[in-house]
Structure formats: C-alpha cells, structure tokens
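Scope of the values below: all heavy atoms of this structure, side chains included, with no hydrogens, waters or symmetry mates.
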Amino acid sequence: MAYTNIDDPSAHFQTKIYSGQNSVQSVTNDGNSNLKPDWLWIKSRNDSDIHVITNSTTGTDLYVQSNNNAAAVSSTGDVESFDTNGFSLAGVNDRVNTNGGLFVAWQWKANGGTTTSKSSATVSGNVTTPCVQQVNTDAGFSILTYTASTSYAGTETHLEHGLGVGPRFLIVKRRDTAANWAVYHAENGASSNAGYGYLSLNSTAATATSSTYWLNTPAESNATLLAFGNNAATGADGGEYVCYAFAEKQGYSKFGKYVGNGNANGPFVYTGFKPAFVMIKRTDSTANWDMFTGEISTFNIVSDRLRANLSNAEQTGFDRLDFVSNGFKIRNTNTTGNTSGGTYIYMAFAENPFVTSTGIPTTAR
C-alpha cells in the first residue's frame, strides 16, 4: 500500500536560509526538487523587522505582514521575481536583504503563477462570489483572491476553493484596508461548533467565536465551497481578500491539536512524517504563534523560534521540541507550548514522509 503520494515534499514546500547583500541577488533553493514559490514568507532572523508575505497571484509588488493588521503594502524594493528554483531580491529594503543580515524564507508551491478565474455560479444551492484560484491539488494548497460583495450572496461569501476535498486550515487577510488576519483550523472547535472558532495570526488572543467570520459548517466537510460571513476580516462588502487554503495530505502536511502536560517530557505529536516546519498556537488562552524550522535548528533539540505575530528577532532556548521521523516531541513547560491541560493547534509540513510510497522509511535526525 502507498503510505504517501508525495515522496519528495521539497517539490511543494521548502525553507531557505540566506544572507542579505543589500544588492540585487538571486536566492536558490537547495531541496531535492526545484521549487518556484507561489506563496513566499520572509523574516529577518537577527533583526526586529516585519514579516514580508507575498504571492504569485497578487504579484511581488504587494506584501502583507503577519505581525500586524495593516493593509497590503505596495513595494518594488523587496521581492523582484519568483524564479524556477527560488526567488530574486531587488536589493533595496533591509527587511529582506540587509547586508550581512540573516533571513529565512518559507515557500509553498501552488500552480506556478497560473491562475483560473471563477465567475459567479450556483453551486450546491449557493451563489458563489467570483474569485481567482491558484491550486495545487497534489499538495492540498490553494491561493484564492476575491472581492466580497452582497450582490452575490447577501451577507455570505461562497468561494470555490478548488482542492477537491475540504480544507482543514485557512488563513485569510483583507488587503485593501486594515483588518485582523483570520485563521480557521478544523481542530479549533468552540462549544460544539468547530466552524465558529477563529484565531488572528497577528494576535495572541485565544479562540473566539463569531458567526460573521465563517459559517458554522466546518470547512473540511465541504469538498467544493468555503463559506465566509460578512466580518471585516473575511467578507465585508467591497473588501479585497486573499485566502490560503490547505487540505491535509498524508506524509506531507498535518493540521492537528494536542493537550499539554506541563512536563519537560512533553506530549509526542504524530504527523506521519519528519517535520521541516511546525507552527504552534495555544487556543484556550493567550499565546504567541511559535514557528520552528528544521533548516534553522539542524539537530535536536529544536530551540530556535520565530513568532508570526511579532517582529522580534529569532530567539533560542525557550519553547523547545524534537523533530523525529514521524512527528515532533514537546520538550518544554512554557505556556506557549505545554501548559498542563492547555489546548494547542499546529500546522506542520514534511521534510520526509515517515514511509515513502515504495515502503522506504525515513531516518531520524
């Protein structure tokens, strides 16, 4: 039997560590496969500076920042192009290319910049909002851009996500004006209604509930449509948005949760692969969004972290974990990762599947 359909995760996700030059430079990936990024997320590691997040649908001259709620920023001095196996930097702005600076770039592949425009239609009895799709069904990832409008569905926005299966994780950002990021996670239930729960990527806030973010049917249950409410963060009339949607793929991606035990010998979290990247957020109390990267911490214990909601430089020795061949092991007692009884959600992407489609197991770190 096939354990995964993705034997080489580097074809769909890669992390690149690079040094700034303060001049035009091409940054080349070094995974097993070439990867032309469609979603690019850059952060300075040694300076306190913003996160720069851009994608090939809206273009390199626009970026948003996970550490605040600002509208999209127009800039021609940051990312210059998405290349066959990496990306090029314009060499003007310190936030992505200061001389001697240390940077990390997380990169996901969608469809190489090739998009599909979806016009208004009636799907499963719902009137859909026009959107632009860029979809990678193999890896379970789509980039959706849309303008919410009451002309199509009243106080609701219905989008065709293009994944073929329901997504377990959504990140939505309004681009035309300031608004909080909105994060949906299939395991982030509130009361008995998983679909109501939301988090904000730019905030430490615990899970909140609102029927104006998304409808109360979990996104994972709908293989065709996303349903957003009329909140400013997801579907205000006339608002321009980008949505990153993820379906789970065995041996490549995992969007789950765990409960902390308050012990340095913390929970083991099974993913079915050796992680390359893990982001963790406590949901039942305030906490930062901790990001751990295998390319930065190349051996266990993984102790180098960045935080999606903060501009802070990289920190070490705090929220620690091990990356193992089939998941990750918590090695701390901090509130952001392992409070006794605390509930945590995570997103994780693979360096290697635990077992390939031909039955070859991966090695531990």
Side chain to side chain donor-acceptor pair (under 3.5 Å) between Asp49 and Ser311, intermediate numbers included:
CA-CA 5 Å; Asp49 213 333; Ser311 61; over 6 Å; no
Less than 4.0 angstrom from a charged side-chain N to a carboxylate O is my criterion; do Asp30 and Lys16 meet it?
yes
From CA spacing to verdict: side-chain contact (heavy atoms from CB on, under 4.5 Å), Val127, His158:
CA-CA 7 Å; Val127 179; His158 297 98; 5.8 Å; no
Tyr198 ring center within less than 6.0 Å of Trp214 ring center:
no
d(Tyr241 OH, Cys131 SG) to nearest 0.5 Å is 14.5 Å
Among Thr234, Val183, Leu226, find the residue that satisfies the side-chain contact (heavy atoms from CB on, under 4.5 Å) test when tested with Leu170.
Leu226
For Gln65 against Ile50, the heavy-atom pair lying closest together:
OE1-CG2, 3.3 Å
Side chains of Asn55 and Val242: does their closest heavy-atom pair fall under 4.5 Å?
yes
What about the rings of Phe328 and Phe273, do their centers lie closer together than 6.0 Å?
no
Can you tell me which residue among Phe349, Trp41, Trp39, Phe13 is in a ring-ring contact (aromatic ring centres under 6.0 Å, His included) with Trp106?
Trp41
Distance alone, cut at 3.5 Å: any donor-acceptor contact between the side chains of Asn230 and Thr155?
no
So do the side chains of Arg282 and Thr335 get within less than 4.5 Å of each other, counting heavy atoms only?
yes
Would a 4.5 Å heavy-atom cut-off, applied to side chains only, mark Gln133 and Glu160 as touching?
yes
For the side chain of Gln134 and the backbone of Asn111, is there at least one donor-acceptor N/O pair under 3.5 Å apart?
yes
Would the distance check show the side chain of Ser66 and the main-chain N or O of Ala308 forming a donor-acceptor pair, the cut-off being under 3.5 Å?
yes
Using atom types as modelled and distance alone, determine if a side-chain donor or acceptor of Asp237 lies under 3.5 Å from a backbone N or O of Thr150.
yes
In this structure, which one of Val324, Asp322, Ile330 forms a side-chain contact (heavy atoms from CB on, under 4.5 Å) with Phe268?
Val324
Near-ring test Phe255/Phe246, centroid separation under 6.0 angstrom:
yes
Distance-only, no hydrogens or angles: does the Gln21 side chain make a donor-acceptor pair with backbone N or O of Gly100 under 3.5 Å?
no
Is there a donor-acceptor contact under 3.5 Å from the side chain of Asn67 to the main chain of His51?
yes
Between CG of Asn326 and CG of Asn352, what distance do you get to the nearest 0.5 Å?
12.5 Å
Find out if a path of hydrophobic residues (ILVMFWY) with successive side-chain heavy-atom gaps under 4.5 Å connects Phe228 to Ile143.
no
From Asn312 atom CG to Asp47 atom CG, the distance as rounded to the nearest 0.5 Å
11.5 Å
Assess whether side-chain contact (heavy atoms from CB on, under 4.5 Å) is satisfied between Val24 and Glu80, documenting all intermediate values.
CA-CA 9 Å; Val24 175; Glu80 190 169 68; 4.1 Å; yes
Could you state the interatomic distance from CG (Leu40) to OG1 (Thr60), rounded to the nearest 0.5 Å?
10.0 Å
Quick one: does Ser74's side chain get under 4.5 Å of Tyr63's, heavy atoms only?
no
Just wondering, more than 12 heavy atoms not from Lys173 lying within 6.0 Å of its NZ?
yes
Do Ser88 and Ser26 pair up side chain to side chain, a donor and an acceptor below 3.5 Å, judged on atom types alone?
yes
Hey, any chance Met279 and Phe323 share a hydrophobic cluster, counting ILVMFWY side chains that come within less than 4.5 Å of each other, even indirectly?
no
Atom pair CD1/OG of Ile171 and Ser200 - distance to nearest 0.5 Å
11.5 Å
So, the side chain of Thr286 versus the backbone of Thr204: is there a donor-acceptor pair under 3.5 Å, distance only?
no
Identify the heavy atoms of Ser19 and Leu102 that sit nearest to each other, and give their distance.
OG-CD2, 3.9 Å
Co-membership, hydrophobic cluster, residues Val64 and Leu201, 4.5 Å side-chain
yes
Exercise: identify the closest heavy-atom pair between Arg174 and Ala236:
NH1-CB, 3.5 Å
Co-membership, hydrophobic cluster, residues Tyr346 and Phe277, 4.5 Å side-chain
no
Is a side-chain donor-acceptor pair under 3.5 Å present for Asn261 with Ser340?
no
So, Asn22 and Thr98: side-chain donor and acceptor under 3.5 Å apart, yes or no?
no
Tell me whether Met347 shares a hydrophobic cluster with Tyr252, the cluster being built from Ile, Leu, Val, Met, Phe, Trp, Tyr side chains joined at under 4.5 Å.
yes
Within the 3.5 Å criterion, strictly below it, is a donor on Asp8 or Ser10 matched to an acceptor on the partner's side chain?
yes
Any side-chain heavy atom of Thr157 within less than 4.5 Å of one from Tyr146?
yes
Note: Glu314-Lys43 ion pair, threshold 4.0 Å (strictly below)
no
Can you find a pair of side-chain heavy atoms, one from Pro37 and one from Ser56, that are under 4.5 Å apart?
no
Taken to the nearest 0.5 Å, the spacing of Asp83 CG from Thr28 OG1 works out to 7.5 Å
Heavy atoms only: give me the nearest Arg331-Asn265 pair and the separation to one decimal.
NH1-OD1, 3.8 Å
Is any side-chain heavy atom of Leu89 closer than 4.5 Å to a side-chain heavy atom of Val79?
yes
Between Lys329 and Asn300, does any side-chain donor sit less than 3.5 Å from a side-chain acceptor?
no
A side-chain contact here means heavy atoms from C-beta on lying under 4.5 Å apart; do Arg168 and Glu187 qualify?
yes
Please check if the distance between the ring centroids of Phe82 and Phe87 is under 6.0 Å.
no
Just by distance, no angles: are the side chains of Asn34 and Asn85 close enough, under 3.5 Å, to form a donor-acceptor pair?
yes
Side chain Asn69, main chain Ala178, donor-acceptor under 3.5 Å
no
Please check if the side chain of Tyr184 supplies one atom and the backbone of Tyr213 the other of a donor-acceptor pair under 3.5 Å.
no
Taking Ser253 for its side chain and Glu248 for its backbone only, find out whether a donor-acceptor pair lies under 3.5 Å.
no
Do Thr336 and Asn334 have side-chain N/O donor and acceptor atoms under 3.5 Å apart?
no
So which heavy atom on Gly327 is nearest to which on Pro275, and how close?
O-CD, 3.3 Å
Any donor-acceptor pair under 3.5 Å linking the side-chain atoms of Asn202 with those of Asn180?
yes
Are His12 and Asn136 close enough that a side-chain donor and a side-chain acceptor fall under 3.5 Å?
yes
Mind listing the closest non-hydrogen atom pair of His185 and Phe169 along with its distance?
CD2-CD1, 3.5 Å
Do Ser75 and Asp78 have side-chain N/O donor and acceptor atoms under 3.5 Å apart?
yes
Short question: side chain of Asp38, backbone of Ala110 - any donor-acceptor pair under 3.5 Å?
yes
